[in-house]
Amino acid sequence: MPALPSLPIDVVLPELLAALQHSSSVVLQAPTGAGKTTRVPPAILDAGLAESGQILLLEPRRLAARAAARRMAFERGVTLGEEVGYQVRFDQRCTRQTRLLAITDGILLRRLQDDPFLESVSVILFDEFHERSLNLDLTLAMARRVQQTVRPDLKLIVMSATLAAGPVAKYLGDCPIITSEGRLHPVEIRYRPAITSQPVVDQVVSAVDDLLISTPGNLLVFLPGVREIQQAGDRLGTLAEQAKAIVLPLYGDLSPEQQDRVLSPQTQRKIVLATNVAETSVTIDGVTGVIDSGQVRQMQFDPGLGLDRLVLTKISQASSDQRAGRAGRTQPGVCLRLWMEREQRGLAADTEPEIRRVDLAGPVLELLCWGESDITAFPWFEAPRPEAVAQAISLLTSLGAIKDGQPTDIGRQMVQLPVHPRLARLLIEGHRNGVSDRAAWMAALLTERDPFERADYARKSGSLGPAHYSFSDVLDRVQALEEFTARGRTDTTAGRLHPGAARFLQQAQQQLLRLVNSDRPTSANTRPRSTQPKQGWERDEAVLKALLTAFPDRVARRREPLNRKGVMVGGRGIRLADSSLVLQPELFLCVDTDAGQGEIFVRQASGIERDWLPANQVEVTIDVTFDSTQEKIVAQRRTRYFDLILDESATTPPSGSNVSDVLAEAALKNLDRAIPWDDPAVSSVITRVRCLKTWLPDCGLPAFDDSTLENLLPSLCSGCRSFADLHRAPWAAALRASLTYQQQQFLDREAPERIQVPSGSQITVHYEPERSPILAVRIQELFGLKETPRIAAGRIPVVLHLLGPNYRPQQITDDLKSFWNNTYPEVRKELKRRYPKHSWPEDPWSATPENKGGRRA
DNA sequence: GAGCACTGC
């Protein structure tokens, strides 16, 4: 057993162990260098506090987990992988008997899904809690939940360097706080008068000049991004040469070899220009001078938009202290802050934790599958923004992962896959389409670090002709990687590949492929539809369609042929990056995006065909309006996917037409276009209509809140005694075809239990000023209804679009009656002419429900 | 003209 050097933490270990005897949780506050990571877990083991269970040490990074395990094994004089071990993605050295296990937070999440009460675990230590990563917040809250409900014996220890310990201790039931000294050398803090007009890069040059003189060691400069690092590097050239120092850039996208070069000892003084990697992930030896730009680029999720954006912000006080501390690791140092002392107090005390900033689709699905039914009531350490939770639920719903707020079979399969729910959906759909290998490539590419070189002028489409245009940037990259694995080619059409990064990606692809292929099919709709191997375009199409299911809300339409500008679902303008070659398809997915202030910038796009869009989400609307200024009727027909207009046309019927004629014409066009006669799903019309029937039994009225059916429904209903009458009509098919996705969702969700409409209901018709000219009328008057239905106010407003401002209710009834009596026979005649094989009953109400809307047998 | 840092059975 080697003699161990004494560390500051050793002093407080007895106090910590004593506290754990009577408290199930403890917060340990100890600065960097105190030795908490490697000394606390063995002390707990040796004190017998874990009894026969496992001690888990949670580390934020794989590297840290491995290093901690190695160090603990060394200090105990045992072989790594037996009593002491580690488990991280792609690598593990542990057995079932391992008592002290260092893991990453992702591994704990997986364990929580498989073993919700963590039955073999006695103690969990959350290291570096001040980093407040999303997974750390999530796993702490889940562990606390377990402790409070079923495992009062589970011990939780939160270890943190800088975080104010009070709030965590309070969260853990007012548990004891133990504080340890650190081993940092003093760091002199200097501020600069703000010269706000001067760019950060200029200030860095003069600051480096200062510190080269006033400190002896290496310098570390914190800058917000790669661009600033390159600019500063260019500017520091001569200065560094004079001082015989070397300038070294350091950021996460550098290859490991380049990073090692920065970290390895050099004969010359080093000036390291770094991003935030140097704040948490790596330590550079011999730094005595830190220059802090005070800036950082952070990912922020915009719940309104449903997209991430990268924003340049000021750092927090906690972060500035952390950065300054980097100057005092080996000897006293200096930190030069490029802002004024009085500005320091204006900085946020702590960095906004990740859980307040990012997309929560993954965590929300984790919790739902774990058995939490109400995410908003979940006892988080710090609650996420309610809008972000709502956005997550809506995305998960549109991905089919949850329904009625509860996980579906597909959702439960998705949670098993270690990727964002979108990509999990892509994997499952790819598997169903018989192209799981390619779907796995796509998911790996969209999750892991980009393996293609950044400066990629070869792929600037400006210099390339139509022969080089592509249908999908994403598929191009997949093909490049397939070529790399088959033939080792790094020089691909999608750009130059880093071989190391590409091999790592292949590892991830293989892992995902294994997971998705090995999944026990839990229901029929997750099994492959066909086992026939696909080739060529059929194979491409299969995976591109799967991609659409992962990004249903990211469909965009090009403004003009070959143009880089487009509009995305939600109405935002988008612009394709120069490196995108997707210039031909009119519709495409915005797969890799960066939301700026104005347009959304799209780095990778992927074309889609119009008929890939799910039929129940494509909505055909015909608005018939009366333009009172010109005294003309105008009929406008629109096809939409959500709010994205796919095509539209407006016609002005010949003067003298009345609303009924236009309506009849519109109805025919609508039918013609919207009913997929040969689609077996048309039979489900009856199902939908039965739903309607149960919750509007006697009302005699349909209830919809958008414009799709209003042109048809009033006419239909005017002849009906009840909705049961309606669903026997061939028109029922049109009804189903015209239901929007949202309406179907609404029906699936609300009907039939929650809404009851008593007989003789009153329904108010809402006036929509922006859809002028529309007259607000009361259906109560129109249909002589007596009671008010028990439905949420405004939930089911009915809008009649066809009415000009001068219409009176009596005229409306007359108009509708005349449509039914005079025009419908004509419509039926026309239907017979166009669809001679269908049986169109003379009396539409006499057909049985089993008639399936007149569908061909 | 547009790229912080991590991470996953």
Side-chain angles (χ1 to χ4, degrees), chain A residues 58-65 87-92 103-115 128 131-136 138-139 222-230 250-254 259 274-282 293 295-300 308-313 315 319 322 351 354 357-358 362-363 365-366 369 413-421 423-424 443-444 447-450 452-456 460 504 507-508 511-512 514-516 518-520 564 574-580 592-604:
Chain A
L58 232 63
E59 291 295 323
R61 278 165 287 280
R62 292 197 286 248
L63 192 75
Q87 187 185 355
V88 298
R89 193 183 186 192
F90 302 135
D91 187 14
Q92 61 180 66
I103 57 174
T104 41
D105 43 27
I107 302 275
L108 181 57
L109 264 186
R110 306 280 28 100
R111 274 181 83 152
L112 277 161
Q113 288 297 344
D114 297 339
D115 174 15
E128 314 284 357
E131 289 190 21
R132 292 295 305 278
S133 80
L134 176 61
N135 279 351
L136 215 49
L138 182 62
T139 48
F222 283 101
L223 288 162
V226 176
R227 202 169 54 229
E228 289 83 358
I229 286 175
Q230 273 158 1
L250 178 64
Y251 47 87
D253 266 357
L254 289 179
Q259 290 198 11
T275 58
N276 240 11
V277 257
E279 189 180 312
T280 49
S281 306
V282 296
S293 65
Q295 295 178 323
V296 66
R297 273 205 185 80
Q298 263 185 347
M299 200 60 100
Q300 292 241 290
D308 286 324
R309 55 170 45 132
L310 199 57
V311 285
L312 184 66
T313 48
I315 60 170
S319 175
Q322 189 79 8
T351 307
E354 206 178 356
R357 301 196 319 250
V358 301
L365 187 60
E366 293 276 357
C369 289
Q413 258 190 297
M414 282 163 68
V415 88
Q416 296 299 324
L417 300 167
V419 285
H420 188 278
L423 302 178
T447 308
E448 305 300 335
R449 181 161 290 166
D450 194 343
F452 293 92
E453 268 178 30
R454 188 178 297 256
D456 181 20
K460 284 237 167 177
F504 178 81
Q507 220 180 343
Q511 184 196 32
L512 295 175
R514 228 176 16 249
L515 287 170
V516 78
S518 73
D519 256 331
R520 319 163 280 269
R564 291 191 175 274
I574 62 102
R575 187 187 162 80
L576 294 177
D578 282 351
S579 58
S580 172
D592 185 10
T593 58
D594 183 11
Q597 287 303 311
E599 288 170 327
I600 295 165
F601 186 70
V602 183
R603 290 189 205 95
Q604 290 181 58

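On a predicted model such as this, the values are computed, not experimentally measured, just so you know. Below, chain A is the first sequence line, B the second, and so on; all start at residue 1.
Without hydrogens or angle criteria, Ser580(A) side chain to Ala577(A) main chain gives no donor-acceptor distance under 3.5 Å.
Counting any heavy atom pair closer than 4.0 Å across all strands shown, Glu599(A) reaches a base atom. Within 4.0 Å (heavy atoms only), Leu310(A) reaches at least one base atom of the nucleic acid. When heavy atoms are screened at a 4.0 angstrom cut-off, Glu279(A) is found touching no nucleic acid atom at all. Within the nucleic acid shown, Arg449(A) comes within 4.0 Å of sugar-phosphate atoms alone, with no base atom in reach, counting heavy atoms only. Glu366(A) comes within 4.0 angstrom of a base, heavy atoms only.
Contact annotation: Gln113(A) does not reach the phosphate of dC9(B) (side-chain N/O to OP1 or OP2, under 4.0 Å). Put simply, Arg227(A) has no side-chain N or O that comes within less than 4.0 Å of OP1 or OP2 on dA2(B). When the side-chain nitrogen and oxygen atoms of Thr275(A) are compared with OP1 and OP2 of dA5(B), one or more of them lie within a distance under 4.0 Å.
Of the candidate nucleotides dC9(B), dG3(B), dC6(B), dG3(B) has the atom nearest to the side chain of Asp450(A). The listed nucleotides are dG3(B), dT7(B), dA5(B); the one nearest the side chain of Thr104(A) is dT7(B). Closest to the Asp592(A) side chain, of the nucleotides dA2(B), dC4(B), dG3(B), is dG3(B). Between dA2(B), dG8(B), dA5(B), one nucleotide has an atom nearer to the side chain of Val277(A) than all others, and that is dA5(B). The listed nucleotides are dC9(B), dC4(B), dA2(B); the one nearest the side chain of Arg297(A) is dC4(B). In the set dC6(B), dC9(B), dT7(B), the nucleotide with an atom closest to the side chain of Arg62(A) is dT7(B). The listed nucleotides are dC4(B), dG3(B), dG8(B); the one nearest the side chain of Pro418(A) is dG8(B).
Comparing Arg603(A) and Thr447(A) against DNA chain B, the residue whose closest nucleotide sits nearer the 5' end is Arg603(A). For Gln87(A) and Arg61(A), each mapped to the nucleotide of DNA chain B holding its nearest heavy atom, the one lying further toward the 5' end belongs to Arg61(A).
For the pair Arg89(A) CZ and dC6(B) C1', the computed distance is 13 Å after rounding to whole Å. Put simply, CD on Gln604(A) is 17 Å from P on dA2(B), counting in whole angstrom units. Atom-to-atom, CG of Leu312(A) to P of dC4(B) comes out at 10 Å; the value is rounded to the nearest Å. To the nearest angstrom, P of dC9(B) lies 17 Å from CD of Gln413(A).
The pair Asp594(A)-Arg603(A) meets the salt-bridge criterion, since a charged nitrogen lies less than 4.0 angstrom from a carboxylate oxygen. Under the 4.0 Å criterion applied to side-chain N and carboxylate O atoms, Arg309(A) and Glu599(A) are not assigned as salt-bridge partners.
Scanning for side chain to side chain contact (heavy atoms under 4.5 Å, CB included) contacts around Pro224(A) gives Glu228(A), Ser293(A), Gln295(A), Arg297(A), Leu312(A), with sequence neighbours left out.
Inspection of the Gln416(A) and Arg110(A) side chains reveals no N or O donor paired with an N or O acceptor under 3.5 Å. No hydrogens or angles considered: a donor-acceptor pair under 3.5 Å links the side chains of Glu366(A) and Gln113(A).
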